[in-house]
Amino acid sequence: MIATVKKSNARSSKIPVQGMMENVMEQFYSAADYIDLNNNIRKILAITNNEIVVKFPVRMDNGEVEIFTGYRVQHNNALGPYKGGLRYHPTVDIDAARALAMWMTWKTSLAGLPYGGAKGGIKLNPKLYSKNELERITRRFTYALADNIGPEHDIPAPDVNTNSQTMAWMSDTYMSTRPPAERSANQHVVTGKPAGSGGLEGRDRATGYGVFLTVKLQLEKRGETLEGKRFIVQGFGNVGYWAAHFMENEGAKMVAVQDAQTTLENQDGISVADLFQYTQSNANAIANFIPANEIATEDFFGVDCEVCIPAALGNQITQENADKIKAFVIAEGANGPTNGDAEKILENRGVTIIPDILCNSGGVTASYFEWLQNRNGELWQLDEVMEKLTKKLTESFEKVYKYSQEESISMRKAAFCIAIKRIEMAYTQRGIFP
Ligand code: GLU
């Protein structure tokens with residue numbers, strides 16, 4: 001179904017938001033059928049454990065009070081505390097939070113982390129608020145969530161339109177509401193904090209690095225390298241930028257990039273470093289960057305390239321544009337960017353999709369390192385982080401690749417099967433209370 005949202009909030013006037021839940025359920029059931037998942041465990045994993053919706057008032061700069069709606073959906077915690085990001089976006093609603101929470105459960109399980117899955121956020125367009133307002137909104141949201149989050153219970157992190165600053169406000173608010181002697185012990189209530197405030201060196205680039213690394217590993221399986229490969233990136237936020245940065249460093253060429261307002265193309269290559277620098281003094285937008293040509297939004301996915309990196313929102317690759325895609329590898333930096341109908345078209349055409357729960361798992365993996373660092377009172381160095389991240393992501397990639405080859409199934413189905421089996425094992429071992 002297509003929902004129309006306010007123009008100022010929208011990527012285009014039509015954003016298909018309601019398909020994400022259908023997508024994640026279809027992906028789950030298809031893998032569950034394949035591995036013949038125990039029927040009782042299937043019932044448990046098909047629902048979300050807890051759904052928290054909070055409404056809270058915040059004073060705006062002009063003195064008026066605005067009411068906001070925030071969400072936190074906790075899907076499953078069989079493997080450990082709930083884990084997943086918070087996004088600030090007009091498309092955030094209970095369905096989106098549910099779908100994204102489910103993806104987190106599969107992602108953390110596949111990555112071999114001791115976490116479950118959760119997701120949430122606030123339905124708003126952050127561009128419409130000042131930095132002071134965003135700080136008050138974030139702090140009041142954290143206060144409203146209260147003990148529904150916690151360092152050993154549910155650990156939020158950045159996602160779309162939230163960043164290390166958001167996490168610094170959250171951890172400070174949460175810690176400030178604890179008894180004095182417990183404050184420092186609660187720093188790991190969120191991950192993705194700034195490096196000076198308990199954050200992990202390298203957490204900023206971890207998701208984009210993982211996207212790049214999985215593309216590199218995928219190409220290696222075909223006997224190819226990134227040298228001279230053309231790629232397109234949807235979204236030039238944290239994930240899109242860092243993925244493009246690492247791709248370019250390895251000799252690939254960015255030939256198109258899209259943000260919420262603008263689509264740019266240049267077959268001679270768009271410098272990632274120059275574009276990033278430009279966006280820093282252009283309200284984070286890519287608009288009017290030269291040298292590149294602006295093209296129509298709907299022409300983005302049809303740009304000639306070898307690798308396509310959706311790194312923005314869900315449901316961007318649909319039956320309407322899947323046929324146009326020229327890339328032979330799609331690397332899902334975003335969560336749920338490809339819907340089920342598009343996936344069938346792409347599979348028939350022999351396009352490889354590196355699934356989100358593998359491709360963008362560098363972020364939550366680095367979050368786990370940050371959580372350990374805080375818990376153990378350690379400070380990790382960047383090279384140590386990148387080395388550990390590379391090792392973990394390579395292991396996950398190899399596991400998924402091997403299973404998909406052995407079973408002749410897609411990388412997505414293989415990733416889901418591995419993730420679900422790990423949770424099934426936990427339930428089988430311990431049974432259901434009482
Ligand atoms: N929001 C990121 C994701 O979708 C990171 C989650 C985390 O670090 O907990 O994977």
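Every number for a ligand or one of its atoms is a count from 1 in the order of the listing. This chain uses plain numbering: 1 for the first residue, then up along the sequence. What's counted below: heavy atoms across the whole structure, side chains too, no hydrogens, waters or symmetry copies.
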Is the closest basic N to carboxylate O distance between Glu135 and Arg139 below 4.0 Å?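 Arg139 and Glu135: salt-bridged.
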
Should Lys119 and Asp159 count as an ion pair when the cut-off is N to O under 4.0 Å?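 Result for this pair is yes, salt bridge flagged.
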
With the threshold set at under 4.0 angstrom, would you say Gly84 reaches ligand 1 through any of its heavy atoms?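 For ligand 1, residue contact (heavy atoms, under 4.0 Å) with Gly84 is present.
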
Atom 9 (O) of ligand 1 [closest protein heavy-atom partner, distance rounded to 0.1 Å]: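 Going by distance alone, atom 9 (O) of ligand 1 is nearest to Lys83 NZ, 2.7 Å.
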
Do me a favour and list the nearest non-hydrogen protein atom to atom 5 (C) of ligand 1 with residue, atom name and distance?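 Its nearest protein heavy-atom neighbour is Arg203 NH2, 3.6 Å.
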
Between [X] and [Y], ring centroids under 6.0 Å:
| X | Y | answer |
| --- | --- | --- |
| Tyr368 | Tyr115 | yes |
| Tyr82 | His153 | yes |
| Phe369 | Trp380 | yes |

Examine the proximity of ligand 1 to [X] and report which part, side chain or backbone, both or neither, has a heavy atom under 4.0 Å away.
| X | value |
| --- | --- |
| Pro158 | backbone |
| Met167 | neither |
| Asn335 | side chain |

Give the atoms of ligand 1, by number and element, whose distance to some non-hydrogen atom of [X] is under 4.0 Å.
| X | answer |
| --- | --- |
| Lys107 | 3 (C), 4 (O), 10 (O) |
| Ala157 | 6 (C), 7 (C), 8 (O), 9 (O) |
| Ser367 | 7 (C), 8 (O), 9 (O) |
| Met104 | 3 (C), 4 (O), 6 (C), 10 (O) |
| Val364 | 7 (C), 8 (O), 9 (O) |
| Lys119 | 1 (N), 3 (C), 4 (O) |

State which residue, out of Trp169, Tyr88, Tyr143, fulfils the side chain to side chain donor-acceptor pair (under 3.5 Å) condition with Thr138.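 Of the listed residues Trp169, Tyr88, Tyr143, the side chain to side chain donor-acceptor pair (under 3.5 Å) partner of Thr138 is Tyr88.
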
Reference residue Tyr174; test side-chain contact (heavy atoms from CB on, under 4.5 Å); the match among Leu145, Val190, Asp147: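 Single pass found, and it is Asp147.
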
Is Arg98 reaching over with its side chain to a backbone N or O of Thr48, donor-acceptor style, under 3.5 angstrom?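 A pair under 3.5 Å: no.
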
